[in-house]
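Numbers restart at 1 for each chain; the letters A, B, ... are given by sequence-line order, proteins then strands. Atoms considered below: every heavy atom in the structure, side chains included; atoms not considered: hydrogens, waters and symmetry mates. The shown structure was predicted, so the numbers you read here are calculated from the model rather than taken from an experiment.
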Amino acid sequence: MDLLAGLNDKQKEAVLHIDGPCIVLAGAGSGKTGVLTKRIAHLVDKGIEPNNILAITFTNKAAGEMRNRLNDMLPNFAGSWIQTFHAACFKILRMDIDKLGYDKNFTIIDDNEAKNLIKAILKEENDYETKPEYIHYIFKNAKNSLENYESYFANLSEPLEEKNKYFSLFNTYNFRLKELNVVDFEDLIVLCIKLFENFPNVLEKYQNWFKYIMIDEYQDTNYAQYMWAKLLASKDGNIFIVGDPDQSIYSWRGAEPYNINRFLKDYPNCKVIKLEKNYRSTQTILTAANSVIKHNESFIEKNLYTDKGEGEKIVRFCAGDSFHEAAFVADTISELAAKTNREFREFAVFYRTHAQSRAIEESLFRKNIPYNIVGAHKFYERKEIKDIIAYLRLAINNNDKLSFERIINVPRRGIGDKTVEKIENYANEKNLTVLEALEYVEDIPALGKKVTGKLQEFYGMINYFAKLAEDDAAVAEIIDEVLNMSGYIQDLKDSGQPDAQTKLENLQELKSLSLEFADEEENTLEDFLARVALVQDIDDVDNDNTVVLMTYHGAKGLEFPIVFMTGMEEGVFPSYRSDSVEDIEEERRLCYVGITRAMEQLFLTNAESRLLYGYERSNQPSRFLEEIPEDLLSTYTRHGKPIVKAVVGIRVFHKKFGAGLITDIIEDGEIAIIDFDQAGERMLRLDLAPLEKLI
DNA sequence: GCCACAATGATTTTT
DNA sequence: TCATTGTGGC
């Protein structure tokens, strides 16, 4: 097959690049995934072993997509190192973490569990002042910085007392992690680097292994990830990175777009390739995106262009309030879907915060438009899923107190905090894991007979699961045993919770996932647990034909024929929380990401007032709106659309009651009965009521 | 150990 | 406003 077919000159140059450092600045929609995969295919064509190629992505979804495309291109492709940073580090640590004094059957905890551990520590210290979220943030930054921890904490701009407290908490936290035989997300990267630095022969092993390194979404790497890649590439210097500084929207999570500059400094002779031709959007949309992002200070100018032609104008709609805005979105979707024969899945609605989705949901629901919210409730964060995972983790890692505490009384076994405390004290005293302590449950002082029996039962059950795992039973089978033996399913069925059915379905889904997992090369329970920890959400290829709702952040990497950017208001987007120039610039990049998702048509909406934290707030239109040239827009406001003739069935807007539908007109056309979306049914005099017709 | 009510405090979240 | 978290009574 011809790898270069259909590529432009810049893309070809990137695909054909083999040795030495190279940076590809890939604008939105410039075909970067194609370039990455084709470059791998080209390397393989040139006789390079697939296993000598390391390709790093940020999401499992991106990694999976790349693998799929390669499998299509090269049917026998067996490269197993197309991974996220975290998954690659996990694979490395699984082989060598014992050199750092960790047990090889360590498990991974996610951010929530890390926060819970921090909360527990704070509670032990009777510290009710320190905010766990903040501490967690500091801890993450400390690890990602790769600095000496003592000096990192000493350099914090906090009072000395606080700094000392934080440092001491940090040490306790890390001590606990090791004790529990778990690592957090940051540890995966940092421990891997530690391994490389302390054991040069290990580093060399991987350097010889990964002769060709590729990193996607480089603008989103943090300092530790930058250093990790640099270490691995430092022997041969065959590092190929792809990124777009204008799409860096995660600096608040530790991403350092400055890493691109570091890269340019590290490799002054690197090849720089700019991909500016866009294959996604109309020129109108691209011009809008270019104009907005020009307001940011930038060291690399990019200008997206297309040969698709101008396309439709961007529609700008100014709504009275958030309900009006939502009604506009729903009405427009329903109209367009009918008129242009579009499927619902071609529409996407973006908002800055999840709280904004509600009004939009209600409007869509009212219009019978099917929709899906992306990213609000992640599969693996659901309580029922986490519970079952905790059973599995405890079976693998007997010392995982976090999991133990989570499920010892789920479903209810009559074992409360006091009992747990006694068990943990005993375990500490005798230097046993929590599960081992249960073996000697009769020796634990001050436990009732009933409780003892329950604990023995629990002990036997977990051991049985562990035995199954040891005998390499299929993960699905183990999950089945957990669901039944623990009584979890029965308890759900008996509970009478309104969402019990959904939960049961989710558990079924977990089982299905584990069945699929059985086909993987590495399919032990340990591997499954690592997968679960590293995959925050299941990317069920949404085959539903629904409108998609998500935050601007969630939209990154996606594309839709028709996009609604809602809440384009000062204080909402940009957020009232961003005040520094840097903050505003990041919001602007987020706006740029939003605009460039749209393929054919873009709608920008704002509301003159909206409900925030219980009270009404008036917001100015977003500054980003003014940064788009006027001639690209066709603007509609709720003003200037007086009701020419009130008839049953039209939608109207009332200054106080919001949007509603005229359901009847009585008294010779003098009085209308209007069913308001929010305010309910009202009778209003048409000559007096401040009504406007909704478009 | 469990349940009901009050107090709180609230962007964005690839792993 | 509203969902989550903590406290007090049983």
Discussion item. Students often get this wrong, so: under 4.0 angstrom with heavy atoms, is N409(A) touching a base, only sugar-phosphate, or nothing?
Written reply: sugar-phosphate

Discussion item. Categorize T419(A) for me: base, sugar-phosphate, or nothing, with a 4.0 angstrom heavy-atom threshold over every strand shown.
Written reply: sugar-phosphate

Item to complete: Please state the C1' separation for the pair dT12(B) and dT5(C) - nearest whole angstrom.
Response: 23 Å

Worksheet entry | Most 5' of A533(A) and D583(A) on DNA chain B, judged by nearest nucleotide | D583(A)

Worksheet item: Base, sugar-phosphate, or nothing: which does L534(A) touch, judged by heavy atoms less than 4.0 Å apart?
Response: sugar-phosphate

Response to the item:
Expected label for dT12(B) (glycosidic angle, syn inside 90° of 0, else anti) would be anti

Discussion item. Tell me whether the ring of Y613(A) lies stacked over the dT1(C) base, given a 5.5 Å limit on centroids and a 30° limit on the plane angle.
Written reply: no

Discussion item. Please classify the nucleic acid contact of S575(A) as base, sugar-phosphate, or nothing, using heavy-atom distances under 4.0 Å.
Written reply: base

Worksheet item: Separation of K115(A) atom NZ from dT13(B) atom P, in whole Å?
Response: 12 Å

Practice prompt. Indicate whether OP1 or OP2 belonging to dC3(B) is found under 4.0 Å from a side-chain N or O atom of R412(A).
Written response: yes

Worksheet item: Distance only, no hydrogens: is a donor on one side chain within 3.5 Å (strictly under) of an acceptor on the other, for Y371(A) and E361(A)?
Response: yes

Practice prompt. Indicate, with a heavy-atom threshold strictly under 4.0 Å, whether Y552(A) touches base, sugar-phosphate, or nothing.
Written response: nothing

Worksheet, complete the sentence: When rounded to whole Å, the OH to P distance for the pair Y615(A) and dA10(B) reads 13 Å

Item to complete: Rounded off to whole Å, could you give me the CD1-to-P distance for the I584(A) and dT11(B) pair?
Response: 17 Å

Worksheet, complete the sentence: E586(A) atom CD is separated from dT13(B) atom P, nearest whole Å, by 13 Å

Discussion item. Regarding D583(A) and R577(A), does a basic nitrogen lie under 4.0 Å from an acidic carboxylate oxygen?
Written reply: no

Discussion item. Expressed as a whole number of angstroms, how long is the span from F573(A):CZ to dT11(B):P?
Written reply: 16 Å

Worksheet item: When all nucleic acid strands are considered with a 4.0 Å heavy-atom cut-off, which category describes E587(A): base, sugar-phosphate, or nothing?
Response: base

Worksheet entry | Whole-Å distance separating the CZ atom of F379(A) from the C1' atom of dT13(B) | 19 Å

Fill in: Interatomic distance, E421(A) CD vs dG1(B) C1' [rounded to whole Å]
14 Å

Practice prompt. Could you work out which one of dG1(B), dA10(B), dT15(B) sits closest to the side chain of R577(A)?
Written response: dA10(B)

Discussion item. I'd like to know if K386(A) pairs up with D110(A) as an ion pair, taking the criterion as any Lys NZ or Arg NE/NH1/NH2 lying under 4.0 Å from an Asp or Glu carboxylate oxygen.
Written reply: yes

Discussion item. Taking only side-chain N and O atoms of H354(A), does any of them lie within less than 4.0 angstrom of OP1 or OP2 on dT13(B)?
Written reply: yes

Discussion item. Using side-chain hydrogen bond (donor to acceptor under 3.5 Å, both in side chains), reason through N619(A) and N606(A) one step at a time and then give a plain yes or no.
Written reply: CA-CA 9 Å; N619(A) 296 317; N606(A) 72 300; over 6 Å; no

Item to complete: May I ask you to decide if the ring planes of F139(A) and Y173(A) are parallel, tilted or perpendicular, using 30° and 60° as cut-offs?
Response: tilted

Fill in: Note: E217(A)-K32(A) ion pair, threshold 4.0 Å (strictly below)
yes

Worksheet item: Would you say dT11(B) has OP1 or OP2 under 4.0 Å from some side-chain N or O of Y576(A)?
Response: yes

Fill in: T353(A) side chain, from C-beta outward: closest of dT12(B), dT15(B), dT13(B)
dT12(B)

Discussion item. Using whole Å, what does the distance between atom C1' of nucleotide dT5(C) and atom CG of L122(A) come to?
Written reply: 15 Å

Item to complete: Could you tell me whether the side chain of R358(A) has a donor or acceptor atom within less than 3.5 Å of a complementary atom in the base of dT1(C)?
Response: no

